[in-house]
Amino acid sequence: MKDEHLDDPEFIKSLAKGLAVIESFGADAPQMTLSRIASKVGLSPGSARRVLITLTKLGYVGYSEEDKRYHLAARTLQLGFTYLMTLPALNLLQPRLSELSDKLNESCSIMMLVDREVVCVARATARRLERDYMTVGTRFPAHSSSTGKLLLGAMSDEEFDKLYDGITTLPEVTAFTVRTVDALREQARTAYQRGWNVVDQETAIGMSSVAVPLTVKGRIRYGLSTSATLKYEGSEFVDRYLPELRHAAESMQKLLDARQ
């Protein structure tokens, strides 16, 4: 756990511990033992046990007697969806997103930056697909995402430095993913300056993605993107999808501006 707020008398340590335990679960760790959770969050086993008992009784965490592992329970969905329902991106823009998906015959997303990740806050799946690899709430490392680099580029140097403080090498999502923070900074600046961004197989092998910005109160808040399998060369991919993305973004921007 981070200790930067621990000296604040208004800071509720027990609440912070509970939230840290909830956030410790993920796609790479859907079920964990008590010792694993304690190690991952930085708590003593006794403290982690008390937090887990509380979360279990409240319905946010479940426990399997068979394998002695904890997992998130369905009630945690309420936390995320309550937040998402307050976002104009979800309430206002979903119809436009669906129209864009139908026009492109590809899945389209609205993403926002959360720490060093981008989170899907609205999604329209191409009708031709029986299953989608992404849903609302799906996260990707910002450094491997078309939207992520665009949103990182909108940061000041101070904000970027703070976000990646102490980090020089980035996790390898695929063999094509940018690996250094310095290179990421340059890519992010370029994306922001030209007003759009494209990545080629950095998030997933065989997939490219292109994104354009959406602003709220004069600041880039979201990224509108579409992704597709590698049916086209890089420049052809951009030429095919970018104009429609920009057109849709203009329409969405008018709705966001009217909301302010």
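Computed from a predicted structure; not experimentally measured.
Taking the side chain to side chain contact (heavy atoms under 4.5 Å, CB included) definition, one finds that Ala38 meets it with Ala48, sequence neighbours left out. With sequence neighbours excluded, the residues forming a side chain to side chain contact (heavy atoms under 4.5 Å, CB included) with Gln201 are Phe176, Ile205, Leu230, listed by chain and number. Applying the side chain to side chain contact (heavy atoms under 4.5 Å, CB included) test to Ala73 and every residue at least two apart in sequence or in another chain returns nothing.
Salt-bridge annotation for Glu106 and Arg128: present, with a side-chain N of the basic residue lying under 4.0 Å from a carboxylate O of the acidic one. Ionic pairing of Glu186 and Arg189 is present here: one or more N-O contacts between side-chain nitrogen and carboxylate oxygen are shorter than 4.0 angstrom.
Considering all non-hydrogen atoms of both residues, Leu214 and Ala249 come closest at CD2-O, 3.8 Å. Residues Val41 and Ala20 come closest through the heavy atom pair CG1-CB, 3.6 Å. Closest approach of His143 to Val173, counting heavy atoms only: NE2-CG2, 4.1 Å. In this structure, Leu100 and Glu244 approach most closely via the heavy-atom pair CD1-O, 3.7 Å. Shortest non-hydrogen contact noted between Ala16 and Phe11 is CB-CZ, 3.6 Å. Across all non-hydrogen atoms, the minimal contact from Ala124 to Ser101 is O-OG, 3.6 Å.
Side-chain contact between Lys68 and Thr33 is absent, with no heavy atoms from C-beta onward closer than 4.5 Å. Residues Leu170 and Tyr164 have side chains in contact (heavy-atom distance under 4.5 Å, counting atoms from C-beta outward). Side-chain atoms of Tyr70 and Leu55, non-hydrogen and from C-beta on, never get closer than 4.5 Å to each other. Considering only heavy atoms from C-beta on, Gln31 stays 4.5 Å or farther from Ser64 through its side chain. Within the 4.5 Å cutoff, the side chain of Val181 has heavy atoms near those of the Phe160 side chain. Looking at Val114 and Arg139, their side chains come closer than 4.5 Å, going by heavy atoms from C-beta outward. Using a 4.5 Å heavy-atom threshold, the side chains of Leu256 and Leu93 count as touching. Counting heavy atoms from C-beta outward, Ile37 and Val51 have side chains that stay 4.5 Å or more apart.
Taking a 6.0 Å sphere around NE2 of His71, one finds it holds more than 12 heavy atoms contributed by other residues, nucleotides or ligands. Within 6.0 Å of CZ in Arg127 there are 12 or fewer heavy atoms belonging to other residues, nucleotides or ligands. No more than 12 heavy atoms of other residues, nucleotides or ligands shown are found within 6.0 angstrom of CD1 on Ile12. Annotation for Phe140: atom CZ counts as buried by contact number, over 12 foreign heavy atoms lying within 6.0 Å.
The CG atom of Leu184 sits 11.0 Å away from the CZ atom of Arg116 when rounded to the nearest 0.5 Å. Separating the CZ atom in Phe237 from the CG atom in Leu242 is a distance of 10.0 Å, to the nearest 0.5 Å. The distance from the CG atom of Asp161 to the CD1 atom of Ile167 is 11.5 Å, given to the nearest 0.5 Å. The distance from atom OG of Ser156 to atom NZ of Lys162, rounded to the nearest 0.5 Å, is 10.5 Å. The CZ atom of Arg219 sits 9.5 Å away from atom CG of Leu151, with the distance rounded to the nearest 0.5 Å. For the atom pair OG1 of Thr138 and CE of Met111, the computed distance is 7.5 Å after rounding to the nearest 0.5 Å.
Linking Ile, Leu, Val, Met, Phe, Trp and Tyr whenever their side-chain heavy atoms come within less than 4.5 Å puts Val178 and Leu152 in one cluster. Cluster membership for Val238 and Leu104, using ILVMFWY side-chain heavy atoms within less than 4.5 angstrom, is shared. Grouping the Ile, Leu, Val, Met, Phe, Trp and Tyr side chains by contacts below 4.5 angstrom, directly or via other members, places Leu52 with Leu43. One hydrophobic cluster, built from ILVMFWY side chains closer than 4.5 Å, holds both Val216 and Leu97. Residues Leu58 and Ile53 are members of separate hydrophobic clusters, defined by side-chain heavy-atom contacts under 4.5 angstrom among Ile, Leu, Val, Met, Phe, Trp and Tyr.
At a cut-off of 3.5 Å, with distance as the only test, a side-chain donor of Asp200 or Ser208 sits close to an acceptor on the other residue. Thr147 and Ser145 share no donor-acceptor pair across their side chains, judged by distance under 3.5 Å alone.
Of the listed residues (Val118, Val199, Thr190), just one forms a side-chain contact (heavy atoms from CB on, under 4.5 Å) with Lys149, and that residue is Val199. Of the candidates Met252, Arg123, Arg221, Met252 is the only one forming a side-chain contact (heavy atoms from CB on, under 4.5 Å) with Ile110.
No donor-acceptor distance shorter than 3.5 angstrom exists from the side chain of Glu172 to the backbone of Thr177, with no hydrogens or angles considered. Put simply, the side chain of Ser107 gets close to the backbone of Ala126: a donor and an acceptor are under 3.5 Å apart.
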Practice problem: Could you walk me through whether Leu224 and Leu245 pass the side chain to side chain contact (heavy atoms under 4.5 Å, CB included) test, one step at a time? | Solution: CA-CA 7 Å; Leu224 170 65; Leu245 274 174; 3.7 Å; yes
Practice problem: Would you please test Tyr60 and Thr54 for side chain to side chain contact (heavy atoms under 4.5 Å, CB included) and show each step? | Solution: CA-CA 9 Å; Tyr60 291 106; Thr54 302; over 6 Å; no
Quiz item: Do Thr226 and Val210 pass the side chain to side chain contact (heavy atoms under 4.5 Å, CB included) test, and can you show the C-alpha distance, the side-chain angles, and the key distance before you say yes or no?
Solution: CA-CA 6 Å; Thr226 189; Val210 60; 3.9 Å; yes
Quiz item: Where do Tyr192 and Ile220 land on the side chain to side chain contact (heavy atoms under 4.5 Å, CB included) test, with the steps shown first?
Solution: CA-CA 10 Å; Tyr192 175 69; Ile220 296 177; 3.5 Å; yes
